[in-house]
Amino acid sequence: MKIGVIKESDQGEARVALVPDTVARLVKAGFEVIVENGAGISANFADSAYSAVGAALSENSEYIYETADIILKVVPPSDSEIDRLKGGGILIGFLDPLRQPRRIAKLADRGITALSMELIPRSSRAQSMDALSSQANLAGYKAVLLAAVQLPKMFPMMTTAAGTIAPAKVLVLGAGVAGLQACATARRLGAVVEAFDIRPQVKEEVQSVGAKFIEMPLEEDTVADNGYAKEVSLSTQERICQALAEPIKRADVVITTAQVPGKQAPLLVTKEMIATMKAGSVIVDLAAEQGGNCAYTQPGREIIENGVKIVGAVNLPATVATNASQMYAKNLQMLLQLLVSKEGSLNLDFADDIIDSACVTHAGEIRNQRIKSALSEQLSAF
């Protein structure tokens, strides 16, 4: 079976779907791999490194689209890229299906079997394929470094001849993979760290990385079947904002990571809260592309309000493209080994919960009911 790797065309996207080490493993497993010239350059993987491990190189992306059985990508394909996909072929990548259901419908119309890396289930068996978690880990790490650069204070406590400097206070909102990594990174840099999440069961995880967990009893169920946070009622959201007002006021850095798949990100940091923060404080909003957890957030921009800098962080994993590509390529490798039998034939077994969850289109149809509902909502809005 032939795998094609295309150079990512999105502005600012430096990652690549496969790295040479992973290509070597796939070639050894019996796959053919074709890589577009320059696909790995932005992530510091030279063409020669791919050819050295058995990949074929091509200057012509059209040839790859026409001949590959499986196309691997990082970010969702553009409309023109979808038009170039081979009918009946397989596409695997981040497809943003709940926010872009019309793109999924177009893939179905083309007869593409598409697997969305966002929909890999949260289970111990699927952990090695969980690309959302691998990339979120890097986003949480990089968010803290961004904040440390922007903050006009040091993170660690320091005792000097000129006196003792108090450590920075960091508040992390959302204790998923990104939030926990942000807590751990801030602690390693010497900050005093607090964290909040609507899921009470993450308390021990927060404490395990050296942060204090802000507890708040909630009257409604806040955890979805997949382990992610649920969208909560307006009254609960108001109670959360009230509980967070004081921690936000005393924080030097606030890192927000709260997201609900397929929904607008919850507003956790209001204009009124920002008005109480110290001048020079920094907010890094990792939910910027989903509408933001902060009232003033603008994706890809830095805004200053009341002396507080608000960073609308976008695609932070691409800023550490070498490691991000290595981790993502490993996720894809493990999924491919599940999808393709040792004899080299496609094993699209929908009785397997991983394949069933991730496969969004097959045989000309959208397979996921949530995507169908999202598509109906978008179409009815016109």
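Side chains are part of it too, since the values below use all heavy atoms of this structure and drop only hydrogens, waters and symmetry mates.
- Taking hydrophobic clusters as Ile, Leu, Val, Met, Phe, Trp and Tyr residues chained together by side-chain heavy-atom distances below 4.5 Å, Val360 shares a cluster with Leu85.
- Under a cut-off of 6.0 angstrom, the local environment of CD in Glu204 is sparse, with at most 12 non-hydrogen atoms contributed by other residues, nucleotides or ligands.
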> Can Arg84 and Glu66 be said to form a salt bridge (charged side-chain N to carboxylate O under 4.0 Å, His left out), step by step?
Replying inline: CA-CA 8 Å; Arg84 298 165 73 189; Glu66 289 172 357; over 6 Å; no

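- Met117 and Leu348 fall within the same hydrophobic cluster, defined by Ile, Leu, Val, Met, Phe, Trp and Tyr side-chain heavy atoms under 4.5 Å apart, directly or through other members.
- Atoms CD and CD1, from Glu302 and Ile283 in turn, are 12.5 Å apart once rounded to the nearest 0.5 Å.
- Using modelled atom types, no side-chain atom of Ser345 and backbone atom of Ser341 make a donor-acceptor pair closer than 3.5 Å.
- The hydrophobic clustering, which links ILVMFWY residues whose side-chain heavy atoms are closer than 4.5 Å, places Val27 and Leu336 together.
- Enclosure of atom NZ in Lys263 is not indicated, since only 12 or fewer non-hydrogen atoms of other residues, nucleotides or ligands lie within 6.0 angstrom.
- Checking side-chain atoms of Asp197 against main-chain N and O of Leu173 turns up no donor-acceptor pair under 3.5 Å.
- The number of heavy-atom neighbours closer than 6.0 Å to NZ of Lys212, taken from other residues, nucleotides and ligands shown, is 12 or below.
- Note on Val193: it clusters hydrophobically with Tyr141, by side-chain heavy-atom contacts below 4.5 Å among ILVMFWY residues.
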>> For a side-chain contact (heavy atoms from CB on, under 4.5 Å) check, start with the C-alpha distance between Met327 and Gln135, then their side-chain angles and the critical distance, and finish with the verdict.
In response: CA-CA 8 Å; Met327 296 167 78; Gln135 303 303 293; 4.2 Å; yes

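- Separating the CD1 atom in Ile34 from the CD1 atom in Ile6 is a distance of 9.0 Å, to the nearest 0.5 Å.
- Checking Thr185 against Arg188 by side-chain atom types alone, a donor-acceptor pair falls below 3.5 Å.
- When each of Cys359, Pro97, Ser357 is checked for a side chain to side chain contact (heavy atoms under 4.5 Å, CB included) with Ser116, only Pro97 meets the rule.
- Rounded to the nearest 0.5 angstrom, Ile120 CD1 and Asn331 CG are separated by 8.5 Å.
- Residue Glu59 qualifies as open at atom CD: its count of foreign heavy atoms under 6.0 Å is 12 or below.
- Summarising the local packing, NZ of Lys278 is surrounded by more than 12 heavy atoms from other residues, nucleotides or ligands at distances under 6.0 Å.
- Distance check: Ile255 CD1 to Asp285 CG gives 10.5 Å after rounding to the nearest 0.5 Å.
- In this structure, Arg367 forms a cation-pi arrangement with Phe350, its terminal cationic atom sitting closer than 6.0 Å to the ring centre and no more than 45° off the ring axis.
- Grouping the Ile, Leu, Val, Met, Phe, Trp and Tyr side chains by contacts below 4.5 angstrom, directly or via other members, places Met334 with Leu115.
- Heavy-atom contacts from other residues, nucleotides or ligands closer than 6.0 Å to CD of Gln127 number 12 or fewer.
- Aromatic ring orientation, Tyr50 versus Phe45: perpendicular (interplanar angle above 60°, classes split at 30° and 60°).
- For Lys372, the NZ atom counts as densely surrounded, since its 6.0 Å shell holds more than 12 non-hydrogen atoms of other residues, nucleotides or ligands.
- In this structure, Lys7 places its NZ atom where only 12 or fewer heavy-atom neighbours from other residues, nucleotides or ligands lie under 6.0 Å away.
- Of the possible donor and acceptor atoms, one in the side chain of Thr322 sits under 3.5 Å from a partner among the backbone N and O of Ala43.
- Side chains of Gln326 and Asp21: no donor on one and acceptor on the other come within 3.5 Å.
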